[in-house]
Amino acid sequence: MTADFDAIIIGSGPAGVSAAFPLVAAGQKVLMVDGGNRPAGELPRQPFLTAREYDQEQWKWMIGGDLHALGMHDAISPKMRVPAHAKVFSEFNAANHIYSEDFVAIGSLAQGGLSNAWGCGVARFSGTELEAFPCPPAELENSYRSVAQRIGISGPEVDDLSDYFGLDQWSQPPIAMDALHEDMYARYQKHRQSLNEAGFRLGRSRIAVLSKDLGNRQGCNNQGNCLYGCDRGALYSASADLAILKQSDNFHHQTMVVDALRQEGGKWLIEGASDKQAKSISGSRILLAAGTLATTRLALNTLQLQQSVRLLSCPTAAFILCLPSSFGAARQTGFGLGQLSFVLSLRDDIRALGSTFGTSGLPISEFAHYLPLRRRYGVDLLKALLSSCVVGNLFLPGHLSDNHAFVDGAGALHIKGGFKEEIGALLKTTASQLRKAYASLGAYMLPMSFTAAKAGADIHYAGTLPMRANPRRGETTSSGELVGLEGVYVVDGASLPVLSEKSHTLTIMANAARIGERLAVGYHVA
């Protein structure tokens with residue numbers, strides 16, 4: 001008996017849609033399943049600061065009719081407090097039987113996955129970083145190009161991070177910076193040589209955000225609503241690609257939370273719940289794109305492997321910079337995601353990557369907990385101070401994490417988070433060097449604002465089912481096939497063999513597209 005579909009893709013996030021395009025183009029009958037959640041709620045239609053002053057119903061998109069934002073005061077990111085994003089993050093751990101200790105475990109059951117509420121940072125892995133990948137570099141190069149051109153990336157023609165990000169040849173022009181970032185960048189040009197000698201480089205952020213119209217999506221208009229949702233579609237979300245895929249007759253999409261995989265009669269069955277009803281669908285091949293955590297649970301359960309596997313994540317921290325030269329200036333609406341990025345060399349094998357963001361699209365209350373004052377007084381101070389501040393983040397390479405995951409006898413995934421012993425000293429050194437570098441740019445790190453996050457808070461998860469040249473059971477081939485489960489392919493972050501400090505989303509998408517291309521032409525090698 002033939003299978004219902006040539007390929008079933010579990011997950012509709014960036015990895016899933018990237019693998020789907022070549023399969024659909026080749027005429028294969030493809031089914032994509034996901035949890036079915038959709039971002040919902042009011043979006044601001046005016047510039048953020050204008051809406052904050054004049055919109056009489058701003059509570060709908062800032063707090064939510066069910067007071068969502070007030071109930072999420074302990075969330076690790078302001079994105080998780082946004083009412084429109086509530087369905088993006090909800091129910092994932094429970095639905096996928098994921099439990100964590102000292103680790104922030106986040107995923108999505110939404111159409112488009114976590115790309116509905118991400119920071120849009122993108123980068124290409126360097127040749128050195130790709131040496132651990134068991135596939136020809138040319139395959140990934142072609143996929144990087146096709147994915148970058150499909151999703152739309154903005155960035156400059158040349159700056160000190162052009163080679164580091166490696167994306168300028170496929171990018172649209174950069175989005176305009178706000179006055180604070182313009183000032184910092186101008187100062188950087190004056191101190192560039194000494195800063196470079198100290199291991200600090202600065203350039204424009206490379207982001208999956210349109211500066212020009214592309215297809216049905218419109219370019220950014222700098223209204224500052226990035227956190228709450230872009231009604232122009234300028235910020236890339238895999239949900240936009242899902243809508244394009246649905247236009248093909250041989251592509252099908254269903255709501256289904258997959259709980260198990262089972263092989264029967266030479267085909268694979270996915271089993272789970274759809275509309276609270278048990279369901280089973282067959283496919284010749286299964287592509288796991290459910291996000292590293294959910295994919296890992298499905299794979300280890302199906303393999304019946306209860307041994308611990310390493311889970312890579314990037315140690316991360318945040319900080320606030322103040323530019324006294326702009327103190328007292330009126331807050332101005334501007335772009336709400338990364339505007340400038342830095343690379344800081346700490347050792348020969350360790351770099352930190354971070355970006356700075358304007359504060360005009362964020363409520364003042366988001367920053368009060370960074371100050372050594374009671375919240376009430378902190379808010380008063382920030383009303384005067386925030387117009388002269390930018391907020392920054394940073395990421396360190398994944399090999400500095402020390403997370404482990406395993407499935408128990410009941411099929412639940414357990415994660416224990418942690419860091420390598422050296423991380424405390426590295427973060428202390430990083431903070432010190434950043435203070436010095438930014439001080440030369442007229443930007444001063446606020447006391448006590450440099451805050452390290454818990455393991456997993458970066459949401460850069462990878463490496464549990466890594467591709468290897470000579471893979472063992474529980475690892476994957478250069479084609480993404482899971483050793484021990486013929487016909488099951490891993491196309492999301494779980495298959496990455498390394499995790500650098502760079503955002504890994506574009507590399508996940510490029511690798512998924514590469515695997516999809518192989519499967520589209522019947523390429524099948526170990």
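Side-chain atoms are counted along with the backbone in the values below, which use heavy atoms only and exclude waters and symmetry mates. We number each residue from 1, following the sequence as shown.
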Closest contact, heavy atoms only, Asn403 versus Ser313: ND2-OG, 2.8 Å

Glu271 bridged to Arg262 by N-O distance under 4.0 Å: yes

Give every donor-acceptor pair under 3.5 Å between a side-chain atom in residues 405-415 and any protein atom, sequence neighbours left out.
| residue | atom | partner | partner atom | Å |
| --- | --- | --- | --- | --- |
| Asp408 | OD1 | Ala410 | N | 2.9 |
| Asp408 | OD1 | Gly411 | N | 2.9 |
| Asp408 | OD1 | Ala412 | N | 2.9 |
| Asp408 | OD2 | His414 | NE2 | 2.7 |

Whether Thr292 side chain and Ala494 backbone form a donor-acceptor pair below 3.5 Å: yes

Test item: Ile270 and Ser280 side chains (from C-beta on) under 4.5 Å apart, heavy atoms: no

Side-chain donor-acceptor distances from residues 106-114 under 3.5 Å, at least two apart:
| residue | atom | partner | partner atom | Å |
| --- | --- | --- | --- | --- |
| Ser108 | OG | Val88 | O | 2.6 |
| Ser108 | OG | Ala110 | N | 3.0 |

CA sep, side-chain torsions, deciding dist, call: Val498, Phe133, side-chain contact (heavy atoms from CB on, under 4.5 Å): CA-CA 8 Å; Val498 294; Phe133 285 62; 3.8 Å; yes

Considering all heavy atoms, the nearest Gln28-Asn250 contact: O-ND2, 2.7 Å

Validation row: Tyr236, Leu210 side chains within 4.5 angstrom (heavy atoms): no

Salt-bridge criterion met for Asp259 and Arg297 (N-O under 4.0 Å): yes

Residues Lys416, Asp402: salt bridge by 4.0 Å N-O rule: no

Taking every non-hydrogen atom, the tightest pair across Pro466 and Pro497: CB-CA, 3.9 Å

Atom of Ser211, atom of Ile175 and distance for their closest heavy-atom approach: CB-CG1, 3.9 Å

Val491 backbone acceptor or donor facing Ser495 side chain under 3.5 Å: no

For Leu305, side chain to side chain contact (heavy atoms under 4.5 Å, CB included) partners two or more places apart: Leu300, Leu303, Gln307, Arg473

Side-chain heavy atoms of Leu465 within contact of Leu482, under 4.5 Å: yes

Pair listing, ring pair (Phe, Tyr, Trp, His ring centres under 6.0 Å) test, anchored in residues 264-289, at least two apart: none

Any donor-acceptor pair under 3.5 Å from Tyr461 side chain to Gly456 backbone: yes

Within-4.5 Å side-chain heavy-atom neighbours: Val488 and Leu298: no

Close side-chain approach of Leu499 to Cys314, heavy-atom, < 4.5 Å: yes

Short side-chain to backbone donor-acceptor contact, Ser282 and Asp4, under 3.5 Å: yes

Side chains of Asp34 and His253 in contact at under 4.5 Å (non-hydrogen atoms): yes

Ser401 OG to His399 NE2 distance, which is reported to the nearest 0.5 Å: 9.0 Å

Evaluation steps, side-chain contact (heavy atoms from CB on, under 4.5 Å), between Ile8 and Ile281: CA-CA 9 Å; Ile8 298 176; Ile281 306 173; 4.1 Å; yes

Donor-acceptor contact present, side-chain Thr316 to main-chain Ala453, <3.5 Å: no

Heavy-atom closest contact (Pro136 atom, Arg518 atom, distance): CD-NH2, 3.7 Å

Side-chain donor/acceptor of Ser154 to backbone N/O of Pro174, under 3.5 Å: no

Cation-pi, Phe419 ring and Lys454 (6.0 angstrom, 45 degrees): no

Side-chain donor-acceptor pair present, Ser274, Gln277, cut-off under 3.5 Å: no

Contacts of type ring pair (Phe, Tyr, Trp, His ring centres under 6.0 Å), residue Phe92, not counting sequence neighbours: none

Worked check of side-chain hydrogen bond (donor to acceptor under 3.5 Å, both in side chains) between Thr507 and Tyr144: CA-CA 7 Å; Thr507 298; Tyr144 271 128; 2.6 Å; yes

N/O donor-acceptor pair under 3.5 Å between Asp241 side chain and Ser18 backbone: no

Test side chain to side chain contact (heavy atoms under 4.5 Å, CB included) applied to Ser205 - qualifying residues, sequence neighbours left out: Ile207, Ser341, Ser355

Ile9 vs Tyr489 side-chain heavy atoms within contact, under 4.5 Å: no

Glu517 bridged to Arg514 by N-O distance under 4.0 Å: no

Spacing of CG belonging to Asn93 relative to CD1 belonging to Ile98, to within rounding of 0.5 Å: 5.5 Å

Heavy-atom side-chain proximity of Leu506 to Ile153 below 4.5 angstrom: yes

Approximate separation, where rounding is to 0.5 Å, of Leu288 CG and Thr296 OG1: 9.0 Å

Salt bridge (Lys or Arg N to Asp or Glu O under 4.0 Å) contacts in which one or both residues fall within residues 213-237, not counting sequence neighbours: Arg45-Asp231

Heavy-atom donor-acceptor pair, Asn222 side chain to Phe335 backbone, under 3.5 Å: yes

Partner set under ring pair (Phe, Tyr, Trp, His ring centres under 6.0 Å) for Phe5, not counting sequence neighbours: His252

Closest non-hydrogen atom pair between Leu235 and Cys226, with its separation: CD2-O, 4.0 Å

Intermediate values then yes/no, side-chain contact (heavy atoms from CB on, under 4.5 Å), Leu167 and Val122: CA-CA 9 Å; Leu167 298 171; Val122 287; 3.8 Å; yes

Atom pair CG/OG of Leu312 and Ser500 - distance to nearest 0.5 Å: 11.0 Å

Check against side-chain contact (heavy atoms from CB on, under 4.5 Å), Leu245 and Val17: CA-CA 8 Å; Leu245 287 165; Val17 297; 4.0 Å; yes

Short side-chain to backbone donor-acceptor contact, Ser479 and Glu481, under 3.5 Å: no

Side chain to side chain contact (heavy atoms under 4.5 Å, CB included) partners for Gln304, two or more places apart: none

Backbone of Arg124 reached by a side-chain donor or acceptor of Lys502 within 3.5 Å: yes

Asp6 and Arg285 ion-paired at < 4.0 Å: no

For Asn301, all residues meeting side-chain hydrogen bond (donor to acceptor under 3.5 Å, both in side chains), sequence neighbours excluded: none

Partners meeting side chain to side chain contact (heavy atoms under 4.5 Å, CB included) with Lys212 (sequence neighbours left out): Gln172, Pro173

Pairs flagged by ring pair (Phe, Tyr, Trp, His ring centres under 6.0 Å) wherever residues 490-518 is involved - sequence neighbours left out: His460-His504

